[in-house]
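Here's the structure, in structure tokens; my notes come after.
Sequence lines set the chain letters: A, B, ... in the order given, protein chains first and strands last, and positions in each chain run from 1.
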Amino acid sequence: MDFKKEVAGIISSLVDMEVEKVMELMEVPPHANMGDYAFPCFQLAKVMRKAPNMIAAELAAKVQTHAIIEKAEAAGGYLNFFLNKNVFIGDTIKRVLEQGEKYGYNSMGEGKTITIDFSSPNVAKPFHIGHMSSTIIGGSMEKIFRHLGFKVERINHLGDYGTQFGKLISAYKRWVDHEALEKEPINELLRIYVKFHEEAENNPELENEARAYFKQLEDGDKEAIALWERFRALSIKEFEQTYKKLHIEFDSYAGESFYTDKMGEIIDMLEDKKLLVESNGARIVDLSEFNLPPCLVIKSDGTTIYVTRDLAAALYRKRTYDFHKNIYVVGTTQSLHFSQLFHVLKLMGFEWAKDCVHIGFGLVKFPDRKLSTRKGDVVLLEEVLDEAVQRTMALIEQKNPDLKDKEDAAKKVGIGAVIYTFLKNNRDRDIVFSWEDTINFDGDSGPYVQYTYVRGKSILRRAGQLPETADYSVLTSDDEFNLIKLLGAFGDSVKEAAERYEPFVVTRHITEIAKAYNKFYINHPILNAEESIKNARLHLTQAVCNVIKTGLKLICIETPEYM
RNA sequence: GCGCCUGUAGCUCAGUUGGAUAGAGCAACGGACUUCUAAUCCGUGUGCCAGGGGUUCGACUCCCUUCAGGCGCACCA
């Protein structure tokens with residue numbers, strides 16, 4: 001039963017307002033003692049030309065006793081509803097247990113496909129901490145959409161094309177160490193790439209050589225292509241090791257190179273629509289009507305640019321997947337680029353341009369280190385993950401030295417802690433990465449949530465078989481009711497996360513659940529409680545574990561069984 | 001110069017179509033383990049919500065403006 005909807009139905013029958021509209025207005029009061037749902041009467045006041053508190057009072061008097069409502073009372077301009085706790089508790093626990101990992105599902109996405117372009121590292125460049133945001137926000141959004149019934153196409157738009165490959169071929173021929181390339185491909189490719197830039201400062205001829213190699217690559221020279229393919233394959237192999245740790249998968253690795261033969265059509269379309277304008281030797285689309293700088297589509301030397309490829313990619317995705325939404329998870333530094341891209345699509349007459357979405361995020365900053373590839377001074381994601389696991393291992397030795405599979409727990413907890421720090425706040429903010437905060441497992445943290453699950457599971461193991469039935473009417477404490485309310489609202493948070501493209505809504509919600517369970521846990525015995533209470537609390541514990549596990553999965557964090 | 005983002009407690013941050021006394025975590029201090037994993041729980045307090053105007057019955061929220069920081073502003077991606 002959807003309690004919110006039921007209450008909305010009651011309100012709707014009393015006032016002249018659609019149930020949907022009532023649902024939108026309804027809130028959860030700031031304090032539990034004010035009720036479980038609140039309906040603000042301020043909007044009605046305008047229509048009815050009556051004071052909000054009068055309306056609330058009149059409505060409160062009209063609300064009749066109802067199976068799911070204990071009472072309704074007016075408080076200022078609010079009409080507050082108190083649910084019949086018994087009915088609500090029983091229904092919610094039952095629903096969670098029945099639906100299992102499907103709990104929180106919503107049919108909003110049925111029959112719709114979302115394409116999501118995320119992670120998208122550059123071939124032959126290290127996968128550094130800056131790539132974490134796109135990878136993990138995209139990975140999480142993908143799982144959230146899927147939970148809501150959408151079909152999702154996960155696209156890794158690799159940076160596998162461009163003049164840097166000319167440089168790389170040049171550098172490869174001059175300085176590569178084949179042994180090192182086998183062992184640590186990206187490391188070696190980075191080394192020679194950095195060396196290229198150092199040498200090029202004193203030897204401008206290198207730049208020309210690189211351009212020549214890139215031309216060969218474009219012209220289909222066999223040797224050049226073979227090298228490029230090797231760089232690409234070696235890179236993907238390394239990336240996949242990292243993705244495996246983060247539980248991220250892709251349906252497509254169609255990167256920039258995939259669209260090189262699909263740009264001609266785009267340019268023809270732009271020509272047909274007379275959108276291309278000559279400017280300083282280059283060809284641009286004028287976007288001044290949108291108050292945007294012009295979008296350069298063809299360079300003065302006649303070659304294409306990334307926007308050209310992105311245009312081709314968007315059209316390809318529409319044709320191939322017929323997306324409901326076409327999402328790009330890329331840093332906010334690229335806001336202008338995407339704004340231009342979407343506006344050009346609009347000018348081209350594609351009505352689906354409105355379905356293209358840029359999900360931006362802030363920069364990852366280190367207090368003292370820089371993140372420039374050219375200087376070779378990067379913080380590798382692998383290093384961060386490994387260090388987190390190591391630090392977690394040390395903590396396990398200290399807290400739970402008898403743990404059986406320490407490595408497994410250390411991996412799940414350590415990596416979970418890193419992911420959590422990336423998904424706990426608003427995307428727009430820059431992340432200042434500090435080990436101190438990431439490895440602090442007290443309070444709001446991945447390990448805090450995981451630990452709650454582990455404690456719950458520990459109890460369930462000790463209890464043995466979960467009793468088939470339980471009488472939930474014995475769950476009468478505030479701690480229990482508050483906890484169950486949070487379980488009941490889980491689906492709303494998943495939906496909100498999807499609508500706002502903000503995984504942190506889920507992160508915060510499951511943290512709230514963990515907090516509420518820990519409070520319940522410390523105040524109420526489970527295994528030692530009287531039989532009927534014990535059974536009901538075991539069911540509740542199982543329900544909490546289910547929801548936490550589902551929630552963590554949605555933010556790409558694994559749940560250990562022991563820690 | 002123009003555009004976008006950010007500015008809330010000592011620190012890191014929630015606070016979403018304007019609404020109830022502006023909330024969490026960390027840090028600090030004090031308490032709770034013969035009892036289900038103390039990676040837990042309980043208690044103690046601090047805010048000219050960056051400043052100034054405006055709209056409104058009501059503004060952290062909307063508008064204008066100033067300041068501070070970040071990121072962009074065509075032949076890299």
message = OP1 or OP2 of B/A39 versus the side-chain N and O atoms of A/Tyr451: is any pair under 4.0 Å?
response = yes
query = Where along residues 415-422 of chain A does a heavy atom come under 4.0 Å from RNA chain B, residue by residue in number order?
reply = none
request  = Test for a donor-acceptor pair under 3.5 Å between the base of B/C75 and the side chain of A/Ser300, counting only N and O atoms.
outcome  = yes
ask   = So, do A/His343 and A/Phe338 have ring centers that fall under 6.0 Å from each other?
value = no
message = I'd like the P distance from B/C41 over to B/A27, given in whole Å.
response = 12 Å
message = What's A/Asn291 touching, base or sugar-phosphate or nothing? Going by heavy atoms closer than 4.0 Å.
response = nothing
Sugar-phosphate only, base, or nothing, as touched by A/His157 at under 4.0 Å among non-hydrogen atoms = nothing
ask   = To the nearest Å, how far apart are A/Leu483 CG and B/C41 P?
value = 13 Å
task = Looking only at side-chain atoms of A/Lys365, point me to the closest of B/A77, B/C75, B/G70.
result = B/G70
query = B/C71 C1' sits how many Å from A/His358 NE2, rounded?
reply = 12 Å
ask   = According to a strict under-4.0 Å criterion, is A/Lys424 in side-chain N/O contact with OP1 or OP2 of B/U12?
value = no
inquiry  = For nucleotides 59-64 of chain B, give me one character per nucleotide, 5' to 3': B if any protein heavy atom sits under 4.0 Å from the base, S if the only such contacts are to the sugar-phosphate, - if neither.
reply    = ------
query = Considering only the C1' atoms, how many Å lie between B/G18 and B/C62, rounded to the nearest integer?
reply = 7 Å
request  = Report the relative orientation of the aromatic rings in A/Trp435 and A/Phe433; use parallel for angles under 30°, tilted for 30 to 60°, perpendicular for over 60°.
outcome  = perpendicular
note = The answer to which of A/Ala282 and A/Asn400 contacts RNA chain B further toward the 5' end, by nearest nucleotide, is A/Asn400
query = Of A/Asn523 and A/Thr304, whose nearest nucleotide on RNA chain B comes first from the 5' end?
reply = A/Asn523
task = Decide whether a cation-pi geometry holds between A/Arg427 and A/Tyr501; the criteria are a distance under 6.0 Å from NZ or CZ to the six-membered ring centre and an angle within 45° of the ring axis.
result = no
key: B/C4 pairs with, by Watson-Crick or G-U criteria that keep both distances under 3.5 Å   = B/G70
Check ion pair A/Arg508-A/Asp444 (N to O, under 4.0 angstrom) = no
key: Between A/Phe342 and A/His358, ring centroids under 6.0 Å   = no
task = For A/Ala38, answer base if it contacts any base atom (sugar-phosphate contacts may also be present), sugar-phosphate if it contacts only those atoms, and nothing otherwise; contact means non-hydrogen atoms under 4.0 Å.
result = base
query = Heavy-atom contacts under 4.0 Å between residues 333-342 of chain A and RNA chain B, which residues?
reply = A/Thr333, A/Gln334, A/Leu336
query = Would one find a side-chain N or O of A/Lys399 under 4.0 angstrom from OP1 or OP2 of B/A39?
reply = yes
ask   = Does B/U61 pair with anything, Watson-Crick or G-U wobble, both distances under 3.5 Å, and if so, with which nucleotide?
value = none
Side-chain atoms of residues 284-292 of chain A: list all donor-acceptor pairs with protein atoms under 3.5 Å, sequence neighbours left out, distances to 0.1 Å.
| residue | atom | partner | partner atom | Å |
| --- | --- | --- | --- | --- |
| A/Asp286 | OD1 | A/Ser288 | OG | 3.3 |
| A/Asp286 | OD2 | A/Ser288 | OG | 2.8 |

ask   = Reckon A/Leu363 touches a base, only the sugar-phosphate, or nothing at all at heavy-atom distances under 4.0 Å?
value = sugar-phosphate
query = Rounded to the nearest Å, what distance is computed from the CG atom of residue A/Leu296 to the C1' atom of nucleotide B/A74?
reply = 4 Å
task = With heavy atoms under 4.0 Å as the rule, sort A/Ile284 into base, sugar-phosphate or nothing.
result = base
ask   = Using atom C1' of each nucleotide, how far apart are B/A68 and B/C57 to the nearest Å?
value = 35 Å
ask   = Please give, in whole Å, the distance from B/U35 C1' to A/Glu530 CD?
value = 18 Å
message = What contact category does A/Pro525 fall into here, base, sugar-phosphate, or nothing, at under 4.0 angstrom with non-hydrogen atoms?
response = base
inquiry  = Taking the ring centre of each residue, are A/Phe422 and A/Phe361 less than 6.0 Å apart?
reply    = no
query = Does atom CE of A/Met108 have more than 12 heavy-atom neighbours, drawn from other residues, nucleotides or ligands, at distances under 6.0 Å?
reply = yes
key: Cationic N near anionic O, under 4.0 Å, A/Glu271 to A/Arg283   = yes
ask   = Within less than 4.0 Å of OP1 or OP2 of B/A39, is there a side-chain N or O belonging to A/Arg455?
value = no
ask   = In the structure shown, which nucleotide is the Watson-Crick or G-U wobble counterpart of B/U37, with both distances under 3.5 Å?
value = none
Whole-Å distance separating the CG atom of A/Asp428 from the P atom of B/C13 = 13 Å
request  = Report yes or no: is the cationic atom of A/Lys125 (NZ for Lys, CZ for Arg) closer than 6.0 Å to the six-membered ring centre of A/Phe127, at no more than 45° off its axis?
outcome  = no
key: P gap between B/C11 and B/C5, integer Å   = 25 Å
d(CG, A/Asn518; P, B/A39) in whole Å = 11 Å
ask   = Within the structure shown, what part of the strands sits under 4.0 Å from A/Leu395 by heavy-atom distance: base, sugar-phosphate, or nothing?
value = base
query = If the sugar-phosphate is the primed atoms plus P, OP1 and OP2 and the base is the rest, what is the B/S/- string for nucleotides 21-30 of chain B, using protein heavy atoms under 4.0 Å?
reply = B--SSSS---
inquiry  = Less than 4.0 angstrom between a side-chain N/O of A/Arg429 and OP1 or OP2 of B/G7, yes or no?
reply    = yes
task = Kindly say whether, by distance alone, the side chain of A/Ser279 makes a donor-acceptor pair under 3.5 Å with the base of B/A74?
result = yes
message = Walk me through whether A/Tyr517 and A/Phe520 qualify under ring pair (Phe, Tyr, Trp, His ring centres under 6.0 Å).
response = CA-CA 5 Å; A/Tyr517 184 77; A/Phe520 157 72; 5.6 Å; yes
query = Counting just side-chain N and O atoms, does A/Tyr448 come under 4.0 Å of either OP1 or OP2 of B/C41?
reply = yes
Nearest-nucleotide pick for A/Phe504, side chain only, options being B/A74, B/C36, B/A14 = B/A14
inquiry  = Suppose we call a contact any N or O donor and acceptor under 3.5 Å apart; does that hold for the side chain of A/Asn53 and the base of B/A20?
reply    = no
message = Could you tell me how far B/G52 sits from B/A9 if I compare only their P atoms? Round to whole Å.
response = 16 Å
ask   = Which pair of non-hydrogen atoms, one from A/Leu554 and one from A/Ser140, has the smallest distance, and what is that distance?
value = O-OG, 2.8 Å
request  = Identify the nucleotide, in any strand shown, that forms a Watson-Crick or G-U wobble pair with B/A20, with both distances under 3.5 Å; if there is none, say none.
outcome  = none
inquiry  = Between B/A77 and B/C71, how many Å separate the two C1' atoms, rounded to a whole number?
reply    = 16 Å
task = Please determine if A/Lys71 forms a cation-pi arrangement with A/Phe82, meaning its NZ or CZ atom is less than 6.0 Å from the six-membered ring centre and no more than 45° off the ring axis.
result = yes
A/Phe39 CZ - B/U17 C1' separation (whole Å) = 15 Å
request  = Give none if B/G25 has no partner; otherwise give the nucleotide forming a Watson-Crick or G-U wobble pair with it, both distances under 3.5 Å.
outcome  = B/C11
query = In whole Å, what is the span from the CG atom of A/Asp286 to the P atom of B/A74?
reply = 15 Å
note = Which of B/A39, B/C41, B/A20 is nearest the side chain of A/Lys519? It is B/C41
task = Any salt bridge (Lys or Arg N to Asp or Glu O under 4.0 Å) involving residues 409-424 of chain A? Give me the pairs, sequence neighbours left out, ordered by first then second residue.
result = A/Asp408-A/Lys412
Ring centres under 6.0 angstrom apart (A/Phe441, A/Tyr448) = no
task = In whole angstrom, give me the gap between the C1' atoms of B/C67 and B/G51.
result = 7 Å
